[in-house]
Enquirer: 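Could you have a look at this structure, given as structure tokens, before my questions?
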Amino acid sequence: MMKKHKLVIMTAMLVFLASMLVACNKSSTEIEDKEKESEKEQRVVENRAFETIKGSVEIPAKPMRIVTDFYGGELLSVGANVVGVEPTAFDNPFIKDLLKDAVEIGQPVNVEKVLELEPDLIVVMYDENYKQLSAIAPTLHIPYGTATNIEETVKLFGDITGNYKEAEKFMSKFDQKAKAGREKLSGIIDANATFGIYELTDKNELWIFGDNAGRGGQALYNALELNIPHENKNEEQTLQLSMEVLPEYAADYMFLTTYDPEKKGQALKSLKDSSIWQGLDAMKNNQVFYNDFDTYYRYDPIAIYEQIDLFVNMLIERNKENQTK
């Protein structure tokens, strides 16, 4: 009789526990469903209008998955999650590690690849496939040159992503590095010395660059506040030079990159062998620097930040080298 009584009690307990589990599962499912609905409602509520040259675009206030063509570094500088980007971004030494989980989307942008990534925001420099991309997710067309310096750039992309604090933090860090760089160069270089940025192409074309066309211009002129060659102060950001007029645009310190995708080296050899190049004061004073194209071509905020130390260190090292001669 006692055994039968215990069995009844155990059976009742099992039935009770089972009913409790069903109730808990039901309650948990209801909570999850409510949370999902809340997230959907939140995403709808937290959209906002962003003005572009294409008109007003409704974008997420805090986009979580962003695809871009040429704005990978700009977005990463403000802590955005870049899930897709154009191919050459992966050659950028300053951001390639940050793109380890991103997907290459081609150039022009491959619409099918973008669709697979399920972005909630697309940001493009060029508007090929704009209509198709806009059908996938809100798409912002931000043409090249919309922002003219690093401060404007970081502010713009902080606004696009809603990462305002991250943008302020980046600029604070940038300003500190720039100040430290200027202090390191104090007493190392003449305050009146000029610094020129040049590029040679594989077609023997020679160009000089300003403060906002890559090749380290923003680090050199804006962050470190070094002097641009006098003759180029009021010129365009890029200006093609003939060898005959090069001496007029020469600087006390000259930084040269070479665009030579096939690595032939012939154009650079011809330049170095020319009597005009050899006759420049910067050459005679050992103040010419031959810089890697991929490293100095970059002009996103992260690249500019890192280029500050690159310029400072090379100038300090060259000063030491020249002092020992």
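Starting from 1, each residue takes its place in the sequence as its number. Predicted, not measured: the structure shown is a model, and the values here were computed from it.
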Enquirer: Using the six-membered ring wherever Trp is involved, compare the ring planes of Tyr305 and Phe174 and label them parallel, tilted or perpendicular (cut-offs 30° and 60°).
Expert: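 Correct class here is tilted.
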
Enquirer: Hydrophobic clusters here meaning ILVMFWY residues chained together by side-chain heavy-atom distances under 4.5 Å, can you tell me if Ile304 and Met125 are in one?
Expert: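 Yes: a chain of side-chain contacts under 4.5 Å links Ile304 to Met125.
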
Enquirer: For Leu185 and Ile316, run side-chain contact (heavy atoms from CB on, under 4.5 Å): C-alpha distance rounded to whole Å, both residues' side-chain angles, the deciding distance at 0.1 Å, then the answer.
Expert: CA-CA 7 Å; Leu185 291 179; Ile316 291 174; 4.2 Å; yes

Enquirer: So which atom in Asp69 and which in Val85 form the shortest heavy-atom distance, rounded to 0.1 Å?
Expert: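 Taking Asp69 first and Val85 second, the nearest heavy atoms are O-CG2, 3.4 Å.
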
Enquirer: Would Arg298 count as a cation-pi partner of Phe94, with NZ or CZ less than 6.0 Å from the six-membered ring centre and within 45° of the ring normal?
Expert: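 Negative - Arg298 is either too far from the ring of Phe94 or too far off its axis.
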
Enquirer: Mark yes or no for whether Glu74, through its side chain, and Phe157, through its backbone, hold a donor-acceptor pair below 3.5 Å.
Expert: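 Flag not set: sc Glu74 to bb Phe157 has no pair under 3.5 Å.
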
Enquirer: Is any side-chain heavy atom of Pro119 closer than 4.5 Å to one of Ile136?
Expert: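 A side-chain contact under 4.5 Å exists here.
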
Enquirer: Under 3.5 Å, side chain of Asp127 to main-chain N/O of Tyr130, donor-acceptor pair present?
Expert: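 Between the backbone of Tyr130 and the side chain of Asp127 there is no qualifying donor-acceptor contact (under 3.5 Å).
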
Enquirer: Rounded to the nearest 0.5 Å, how far apart are CG of Asn212 and OH of Tyr221?
Expert: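 Interatomic distance, Asn212 CG to Tyr221 OH, rounded to 0.5 Å: 12.5 Å.
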
Enquirer: Between Asn222 (side chain only) and Asn149 (backbone N and O only), is there a donor and an acceptor less than 3.5 Å apart?
Expert: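 Answer holds: no.
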
Enquirer: Write down the atom of Trp277, the atom of Lys272, and the distance for their closest heavy-atom approach.
Expert: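 Smallest interatomic distance, heavy atoms only, reads CD1-CA, 3.8 Å.
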
Enquirer: How long is the span from the OH atom in Tyr164 to the NZ atom in Lys155, to the nearest 0.5 Å?
Expert: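 Here the interatomic distance stands at 10.5 Å.
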
Enquirer: Is Glu166 atom CD crowded by more than 12 heavy atoms from other residues, nucleotides or ligands, each under 6.0 Å away?
Expert: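 Counting other residues, nucleotides and ligands, CD of Glu166 exceeds 12 neighbours.
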
Enquirer: Is the closest side-chain heavy-atom distance between Phe170 and Ile302 below 4.5 Å?
Expert: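 A side-chain contact exists here, since the closest heavy-atom pair is under 4.5 Å.
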
Enquirer: More than 12 non-hydrogen atoms from neighbouring residues, nucleotides or ligands closer than 6.0 Å to NZ on Lys62, yes or no?
Expert: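 Atom NZ in Lys62 is packed in, count exceeds 12.
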
Enquirer: How would you list all residue pairs meeting salt bridge (charged side-chain N to carboxylate O under 4.0 Å, His left out) that involve residues 175-186, not counting sequence neighbours?
Expert: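 Those involving residues 175-186 are Lys177-Asp309, Arg182-Glu225.
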
Enquirer: If Ile, Leu, Val, Met, Phe, Trp and Tyr residues are connected whenever their side-chain heavy atoms lie under 4.5 Å apart, and connections chain through other members, are Ile95 and Ile150 in the same group?
Expert: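 Yes; Ile150 is reachable from Ile95 via cluster members.
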
Enquirer: Can you tell me how far the CG atom of Leu115 sits from the NZ atom of Lys113, to the nearest 0.5 Å?
Expert: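 Spacing of CG (Leu115) from NZ (Lys113) equals 13.5 Å.
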
Enquirer: Keeping Gln237 on the side-chain end and Asp211 on the backbone end, is there a donor-acceptor pair under 3.5 Å?
Expert: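 The answer is yes, because a donor-acceptor pair under 3.5 Å joins these two groups.
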
Enquirer: On a heavy-atom basis, which atom in Leu133 and which in Glu128 lie closest, and how many Å separate them?
Expert: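 The answer is CD1-O, 4.1 Å.
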
Enquirer: I want to check something: taking the side chain as every heavy atom from C-beta on, are Leu224 and Phe195 in contact at a cut-off of under 4.5 Å?
Expert: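 Leu224 vs Phe195: side chains apart.
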
Enquirer: Inspect the surroundings of CE in Met64 and state if more than 12 heavy atoms from other residues, nucleotides or ligands are less than 6.0 Å away.
Expert: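 12 or below, so no.
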
Enquirer: Between the side chains of Glu321 and Arg318, is the shortest nitrogen-to-carboxylate-oxygen separation below 4.0 Å, so that they form an ion pair?
Expert: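 A salt bridge links Arg318 with Glu321.
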
Enquirer: Checking Asp260 side chain against Lys264 main chain: does a donor-acceptor pair fall under 3.5 Å?
Expert: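 Answer holds: yes.
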
Enquirer: So, using side-chain hydrogen bond (donor to acceptor under 3.5 Å, both in side chains) as the criterion, who are the partners of Thr238 when residues are at least two apart?
Expert: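 Scan of Thr238 (side-chain hydrogen bond (donor to acceptor under 3.5 Å, both in side chains), adjacent residues dropped) gives none.
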
Enquirer: Would you call Glu205 and Lys203 a salt bridge, using N to O less than 4.0 angstrom?
Expert: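 Not counted as a salt bridge, because no side-chain N and carboxylate O are separated by less than 4.0 Å.
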
Enquirer: Looking only at heavy atoms, which two atoms of Asp202 and Ala267 are closest? And how far apart?
Expert: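 The pair with the smallest heavy-atom distance is CA-CB, 4.2 Å.
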
Enquirer: Is any side-chain heavy atom of Gln323 closer than 4.5 Å to a side-chain heavy atom of Asn319?
Expert: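 Result yes, sub-4.5 Å side-chain heavy-atom pair found.
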
Enquirer: What about Phe255 and Tyr296, are their ring centers closer than 6.0 Å?
Expert: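 So the answer is no for these two rings.
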
Enquirer: Measure the shortest side-chain to side-chain distance between Val57 and Thr139 over non-hydrogen atoms and say whether it is less than 4.5 angstrom.
Expert: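 Val57 does not reach Thr139 side chain to side chain.
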
Enquirer: Do Asn322 and Gln287 pass the side-chain contact (heavy atoms from CB on, under 4.5 Å) test, and can you show the C-alpha distance, the side-chain angles, and the key distance before you say yes or no?
Expert: CA-CA 9 Å; Asn322 289 340; Gln287 298 293 12; 3.3 Å; yes

Enquirer: Counting N and O atoms only, with roles assigned by atom type, does the side chain of Tyr299 sit under 3.5 Å from a partner on the main chain of Gly217, one being a donor and the other an acceptor?
Expert: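 Answer holds: no.
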
Enquirer: Working to the nearest 0.5 angstrom, can you tell me the gap between Asn313 CG and Ile308 CD1?
Expert: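 Between Asn313 CG and Ile308 CD1, I get 11.5 Å after rounding to 0.5 Å.
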
Enquirer: With the side chain counted from C-beta on, respond yes when Met254 and Met283 share a heavy-atom pair under 4.5 Å apart, and no when they do not.
Expert: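 No, every pair of side-chain atoms sits at 4.5 Å or beyond.
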
Enquirer: Is a side-chain N or O of Arg65 found less than 3.5 angstrom from the main chain of Val83, in a donor-acceptor match?
Expert: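 No; judged by distance alone, with no hydrogens or angles, the pair does not exist.
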
Enquirer: Does a donor on one side chain sit under 3.5 Å from an acceptor on the other, for Asp252 and Thr194?
Expert: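 Yes - a donor-acceptor pair under 3.5 Å links their side chains.
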
Enquirer: Which pair of non-hydrogen atoms, one from Leu246 and one from Tyr198, has the smallest distance, and what is that distance?
Expert: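 Scanning both residues completely, I find the closest heavy atoms to be CD1-CE2, 4.2 Å.
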
Enquirer: Would you say that more than 12 heavy atoms from the other residues, nucleotides or ligands in this model lie under 6.0 Å from the NZ of Lys165, or not?
Expert: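 Open: at most 12 neighbouring heavy atoms sit under 6.0 Å from NZ of Lys165.
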
Enquirer: Could you please spell out the steps behind the side-chain contact (heavy atoms from CB on, under 4.5 Å) verdict for Asn291 and Met314?
Expert: CA-CA 10 Å; Asn291 292 336; Met314 77 171 77; 3.6 Å; yes

Enquirer: Is the CD atom of Glu262 crowded by more than 12 outside heavy atoms at less than 6.0 Å?
Expert: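 Not more than 12 within 6.0 Å, no.
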
Enquirer: Linking I/L/V/M/F/W/Y whenever any side-chain heavy atoms sit under 4.5 Å apart, do Tyr144 and Leu76 land together?
Expert: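 Yes.
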
Enquirer: What is the distance from atom CG of Leu220 to atom CD1 of Ile228, rounded to the nearest 0.5 Å?
Expert: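 Answer rounded to 0.5 Å: 9.0 Å.
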
Enquirer: So how far is it from Leu256 CG to Ile208 CD1, rounded to the nearest 0.5 Å?
Expert: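 Rounded to the nearest 0.5 Å, the CG-CD1 separation comes out at 11.0 Å.
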
Enquirer: Check whether Asn129 reaches the backbone of Gln132 with its side chain - one donor and one acceptor, N or O, closer than 3.5 Å.
Expert: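 Flag not set: sc Asn129 to bb Gln132 has no pair under 3.5 Å.
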
Enquirer: Can you tell if the side chain of Ile66 reaches within under 4.5 Å of the side chain of Ile160, non-hydrogen atoms only?
Expert: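 No; the side chains remain at least 4.5 Å from each other.
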
Enquirer: Are Val123 and Leu99 connected in a single hydrophobic cluster, I mean Ile/Leu/Val/Met/Phe/Trp/Tyr linked by side-chain heavy atoms less than 4.5 Å apart?
Expert: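 Yes: a chain of side-chain contacts under 4.5 Å links Leu99 to Val123.
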
Enquirer: Just by distance, do the side chain of Asp120 and the backbone of Ala137 share a donor-acceptor pair under 3.5 Å?
Expert: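 Such a contact is absent between Asp120 side chain and Ala137 backbone.
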
Enquirer: Is the backbone N or O of Ala89 less than 3.5 Å from a side-chain atom of Glu86, with the two atoms forming a donor-acceptor pair by type?
Expert: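 Side chain of Glu86 to backbone of Ala89: a pair is present.
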
Enquirer: For atom OH of Tyr259, is the number of surrounding heavy atoms from other residues, nucleotides or ligands below 6.0 Å larger than 12?
Expert: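 Count not over threshold, so no.
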
Enquirer: In the single-linkage hydrophobic clustering (I, L, V, M, F, W, Y; side-chain heavy atoms under 4.5 Å), do Ile122 and Phe50 co-cluster?
Expert: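 No.
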
Enquirer: Could you tell me if the side chain of Phe311 sits less than 4.5 Å from the side chain of Phe289, heavy atoms only?
Expert: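 The answer is no; the side chains never approach within 4.5 Å.
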
Enquirer: Locate the shortest heavy-atom distance separating His141 from Thr52; write the atom from each residue and the value.
Expert: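 Heavy atoms of His141 and Thr52 come nearest at O-CB, 4.2 Å.
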
Enquirer: Could you walk me through whether Tyr253 and Ile189 pass side-chain contact (heavy atoms from CB on, under 4.5 Å), step by step?
Expert: CA-CA 10 Å; Tyr253 294 78; Ile189 58 173; 3.6 Å; yes

